[in-house]
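Read through the structure below, which is laid out as structure tokens, and then see the notes.
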Number of protein chains: 2
Amino acid sequence: MVVVQERQDRVDRIFHALSDPTRRDIVVRSLVGEHSVSALARDYPMSFAAVQKHVAVLERAGLVTKQRRGREQLVRGDIDAVREADLVLRRLEDLWHSRLDRFGEVLADVTREGTT
Amino acid sequence: MVVVQERQDRVDRIFHALSDPTRRDIVVRSLVGEHSVSALARDYPMSFAAVQKHVAVLERAGLVTKQRRGREQLVRGDIDAVREADLVLRRLEDLWHSRLDRFGEVLADVTREGTT
DNA sequence: CTGAACTACAACCATAAGGTTGTACGTTAG
DNA sequence: CTAACGTACAACCTTATGGTTGTAGTTCAG
């Protein structure tokens with residue numbers, strides 16, 4: 001059993017990064033096309049440094065990557081991290097379905113009673 | 001001075017709730033079957049009150065619901081909130097695909113022009 | 001060359017988050 | 001009835017988070 005956990009799992013970071021509306025918006029824009037940090041920053045009611053921090057959070061989560069182009073830093077969304085989070089959610093849905101299967105009879109009974 | 005607006009969106013709460021491994025585990029167990037809070041608490045290396053707080057976070061996010069049974073409080077997972085988060089992720093993936101499509105067109109154009 | 005534009009990063013602040021312990025109260029077992 | 005169980009919640013502590021301002025290094029335009 002591997003007990004040596006890192007301080008924060010990658011999945012933790014991804015979900016945490018997505019828990020902020022500004023960051024989700026940045027992900028949306030970065031998935032559609034590349035934007036410099038300052039271009040992103042212009043559209044939010046906060047300082048450039050604040051947006052820079054949001055981008056850093058997204059970068060640590062692997063949701064975006066940065067690439068230099070001259071004096072700009074181009075931010076681009078990375079879909080793999082999104083898929084990783086998606087996998088977690090689908091596993092939860094799978095669990096739910098298997099639970100439904102196991103209690104299918106009971107559910108059927110309840111439904112029948114409910115509609116009587 | 002302290003303007004406590006109802007600030008946090010439901011989606012914010014869901015993603016934040018899922019950003020903690022203990023809470024994700026509680027969701028897993030609660031989707032599989034019902035458990036009392038203390039039954040859940042026994043399996044984590046923290047106090048009962050801490051687990052209680054985690055459950056509260058999940059409840060505020062709509063990921064679980066609680067139902068009294070005698071002196072116990074049964075925690076049960078709610079798949080709807082999971083699906084809501086899943087929708088957000090799928091929209092991101094859709095954006096990514098549409099970007100690829102548009103990029104494909106550009107590529108086609110460039111290629112066409114380049115080969116003329 | 002010089003200044004403006006982008007970025008990086010440190011210092012600071014207020015509040016949220018995640019944990020603890022302690023107390024209180026309803027419910028059930030004996 | 002009484003003791004134990006399950007829960008709720010308050011008070012407290014420490015660290016993380018999200019914002020600010022300020023300083024400084026690079027790169028580009030003129």
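These numbers come from a predicted model, not from an experiment. First the proteins, then the strands, lettered A, B, ... as listed; each starts at 1.
Rounded to a whole Å, the CE atom of B/Met46 is 16 Å from the P atom of C/dA17. Summarising the geometry, the separation between CG on B/Asp20 and C1' on C/dA16 is reported as 14 Å, rounded to the nearest angstrom. Whole-Å rounding puts the A/Gln8 CD to D/dA16 P distance at 10 Å. The separation between A/Phe48 atom CZ and C/dA4 atom C1' is 14 Å, rounded to whole Å. The CD-C1' distance, from B/Gln52 to C/dG19, rounds to 13 Å in whole Å. Atom CG in B/Asp12 sits roughly 15 Å away from atom C1' in C/dA17 (whole-Å rounding). One can place NZ of A/Lys53 at 11 Å from P of C/dA10, the figure rounded to the nearest angstrom.
Electrostatic pairing of A/Asp20 and A/Arg24 does not count as a salt bridge here, judged by no charged N lying under 4.0 Å from a carboxylate O. By the 4.0 Å N-to-carboxylate-O rule, B/Asp86 lies too far from B/Arg83 to be salt-bridged with it. Ion pairing between a basic and an acidic side chain is recognised when a charged N comes within 4.0 Å of a carboxylate O; A/Glu72 and A/Arg69 show such pairing.
Checking the phosphate oxygens (OP1, OP2) of D/dG19, a side-chain nitrogen or oxygen of A/His54 falls inside 4.0 Å. The side chain of A/His16 places no N or O atom within less than 4.0 Å of a non-bridging phosphate oxygen (OP1 or OP2) of C/dG18. Remark: A/Ser47 is in phosphate contact with D/dT20, judged by side-chain N or O atoms under 4.0 Å from OP1 or OP2. Between D/dC5 and B/Ser38, no contact under 4.0 Å exists linking OP1 or OP2 to a side-chain N or O.
Toward the 5' end of DNA chain D, the nearer of the two residues A/Ala49 and A/Ser19, judged by each one's closest nucleotide, is A/Ser19.
Residues from residues 56-74 of chain B placing a heavy atom under 4.0 Å of any atom in DNA chain D, listed by number, are B/Lys66, B/Arg68, B/Arg71, B/Glu72, B/Gln73.
Hydrophobic clustering places B/Val55 together with B/Leu63 (ILVMFWY residues linked when any side-chain heavy atoms are closer than 4.5 Å, directly or through intermediates). Cluster annotation: B/Leu31 is connected to B/Leu40 through the hydrophobic network of ILVMFWY side chains, with a link wherever side-chain heavy atoms come within less than 4.5 Å. Clustering ILVMFWY residues whenever any of their side-chain heavy atoms sit less than 4.5 angstrom apart, transitively, puts A/Leu58 in the very cluster that holds A/Met46. Residues A/Tyr44 and A/Leu74 are members of separate hydrophobic clusters, defined by side-chain heavy-atom contacts under 4.5 angstrom among Ile, Leu, Val, Met, Phe, Trp and Tyr.
Comparing the axis of the opening five pairs of the helix from C/dC1-D/dG30 to C/dG30-D/dC1 with that of the closing five pairs yields an angle of 30°, rounded to 10°.
In this structure, B/Arg91 contributes its side chain and A/Val28 its backbone to no donor-acceptor pair below 3.5 Å.
Sequence neighbours left out, the pairs with a member in residues 39-54 of chain A that pass salt bridge (Lys or Arg N to Asp or Glu O under 4.0 Å) are A/Arg29-A/Asp43.
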